[in-house]
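Right, one structure below, let's go through it.
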Amino acid sequence: MSETAVKPVIEFHSPSPILHWIGKTISKLKGWTIEYTIPDDPKMVIIFFPHTSNFDVVHAIPAAFALGLKPNWLVKTELLKGPLKPFFLKLGAVPIERNRKENKVDLIVDAIENTERVMLALSPEGTRSKTDFWRSGFYHIAYKAQIPVHLAFIDYPSKTIGVHPGFVPSGDIEADLEKIREFYKDKRGKFPENIGPIQFRDKN
């Protein structure tokens with residue numbers, strides 16, 4: 001008899017005023033421009049693209065704090081063992097048992113529906129290396145929960161990072177992917193050669 005999966009628990013936290021100041025200061029010193037025009041939706045999925053370098057996180061975290069954002073992010077449960085677990089949970093980590101057979105999308109949707117506010121940040125590429133397909137989990141989570149997908153980006157040539165309004169998935173995957181492609185068409189990562197096509201392997 002298999003064990004029951006531990007349901008993910010999502011808690012919304014806002015950055016402290018100190019983190020807000022630190023984020024603004026670091027971003028300014030690094031010469032990055034921050035754009036943020038998304039509405040104050042109580043629940044949302046934010047995707048980040050293009051993700052081609054470890055430096056993306058170095059720029060993205062201060063920018064998020066500067067904007068007053070503290071997103072949740074999924075992490076393997078095995079990475080949250082030990083004394084650092086409370087620290088990562090405080091930063092918004094949501095532990096997921098990836099080796100379980102249960103439908104992870106349904107578990108996350110259930111957690112979202114039982115939360116008043118959530119900002120779930122995901123990197124659909126799943127890797128910094130070039131990949132031919134995006135992971136479609138973010139889309140199915142947002143579609144089933146009927147919450148918007150907003151578009152976070154980093155553009156190294158202009159040194160701009162930010163988040164722009166997206167859309168609530170319609171169920172027409174190709175039409176929705178075309179909206180995403182249109183927005184990201186002029187965004188360039190640190191290593192442009194690692195940017196792959198915006199498409200899903202699965203079509204449903």
Side-chain angles (χ1 to χ4, degrees), residues 8 10 15 19 23 26-27 30-38 44-80 88 91-96 98 104-105 108 118-143 147-167 169 173 176-202:
I10 299 177
L19 287 179
I26 291 176
S27 296
K30 288 178 173 291
W32 283 80
T33 299
I34 303 174
E35 295 182 5
Y36 179 69
T37 57
I38 69 172
M44 67 183 79
V45 171
I46 296 180
I47 58 173
F48 183 84
F49 179 82
H51 180 32
T52 64
S53 167
N54 283 327
F55 285 100
D56 297 344
V57 178
V58 175
H59 303 309
I61 291 179
F65 288 160
L67 294 170
L69 305 179
K70 192 176 180 182
N72 297 104
W73 43 285
L74 306 181
V75 62
K76 297 178 183 179
T77 51
E78 52 264 36
L79 297 180
L80 288 182
F88 285 118
L91 284 179
V94 178
I96 294 292
R98 301 199 179 204
K104 306 302 185 297
V105 169
I108 296 168
V118 61
M119 181 183 296
L120 184 60
L122 300 169
S123 173
E125 294 164 286
T127 176
R128 296 180 303 278
S129 303
K130 186 174 181 178
T131 179
D132 291 330
F133 299 99
W134 273 20
R135 294 180 177 179
S136 60
F138 80 88
Y139 184 91
H140 297 302
I141 290 169
Y143 178 66
I147 60 176
V149 174
H150 293 310
L151 310 174
F153 71 95
I154 187 167
D155 183 54
Y156 277 81
S158 65
K159 295 195 74 172
T160 306
I161 190 168
V163 188
H164 276 245
F167 57 90
I173 293 178
D176 289 340
L177 282 178
E178 189 56 37
K179 296 175 185 176
I180 296 175
R181 294 185 192 110
E182 178 63 23
F183 176 75
Y184 285 117
K185 66 181 181 182
D186 59 349
K187 307 301 187 291
R188 296 291 177 267
K190 185 174 181 62
F191 301 110
E193 65 275 13
N194 287 345
I195 299 177
I198 299 176
Q199 59 186 1
F200 296 153
R201 186 186 302 275
D202 57 314

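Residues: numbered from 1 along the sequence shown.
- Interatomic distance, CG of D186 versus OG of S158, reported as 8.5 Å (0.5 Å rounding).
- Nearest heavy-atom pair, A66 versus I34, reported as atom, atom and distance to 0.1 Å: CB-CD1, 3.8 Å.
- For the atom pair CD1 of I61 and CG of D56, the computed distance is 11.0 Å after rounding to the nearest 0.5 Å.
- Around atom CZ of F167, more than 12 heavy atoms belonging to other residues, nucleotides or ligands sit under 6.0 Å away.
- No side-chain heavy atom of D176 sits less than 4.5 Å from a side-chain heavy atom of V149.
- The aromatic rings of F48 and H51 lie perpendicular to each other, with more than 60° between the two planes, well past the 30° mark.
- Between E178 and R181, at least one side-chain nitrogen of the basic residue sits less than 4.0 Å from a carboxylate oxygen of the acidic one, meeting the salt-bridge criterion.
- In this structure, the side chain of T52 engages the main chain of K190 through a donor-acceptor pair within 3.5 Å.
- Here L120 contributes atom CG and I46 contributes atom CD1; the two are 9.0 Å apart, rounded to the nearest 0.5 Å.
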**OP:** Under the ring pair (Phe, Tyr, Trp, His ring centres under 6.0 Å) rule, what do F49 and W134 come out as? Steps first, then yes or no, please.
**Re:** CA-CA 11 Å; F49 179 82; W134 273 20; 5.1 Å; yes
**OP:** Applying side chain to side chain donor-acceptor pair (under 3.5 Å), run through R128 and N194 and close with a yes or a no.
**Re:** CA-CA 7 Å; R128 296 180 303 278; N194 287 345; over 6 Å; no
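- Under a cut-off of 6.0 angstrom, the local environment of OH in Y143 is sparse, with at most 12 non-hydrogen atoms contributed by other residues, nucleotides or ligands.
- Relative orientation of the H140 and F200 rings is tilted, given thresholds of 30° and 60° on the angle between their planes.
- Using cut-offs of 30° and 60° on the angle between ring planes, the pair H164 and F183 is tilted.
- Residue K159 places its NZ atom among more than 12 non-hydrogen atoms of other residues, nucleotides or ligands, all under 6.0 Å distant.
- Distance check: L19 CG to F65 CZ gives 5.0 Å after rounding to the nearest 0.5 Å.
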**OP:** Please test Y156 against H59 for ring pair (Phe, Tyr, Trp, His ring centres under 6.0 Å), starting from the C-alpha separation and ending with a verdict.
**Re:** CA-CA 10 Å; Y156 277 81; H59 303 309; 5.8 Å; yes
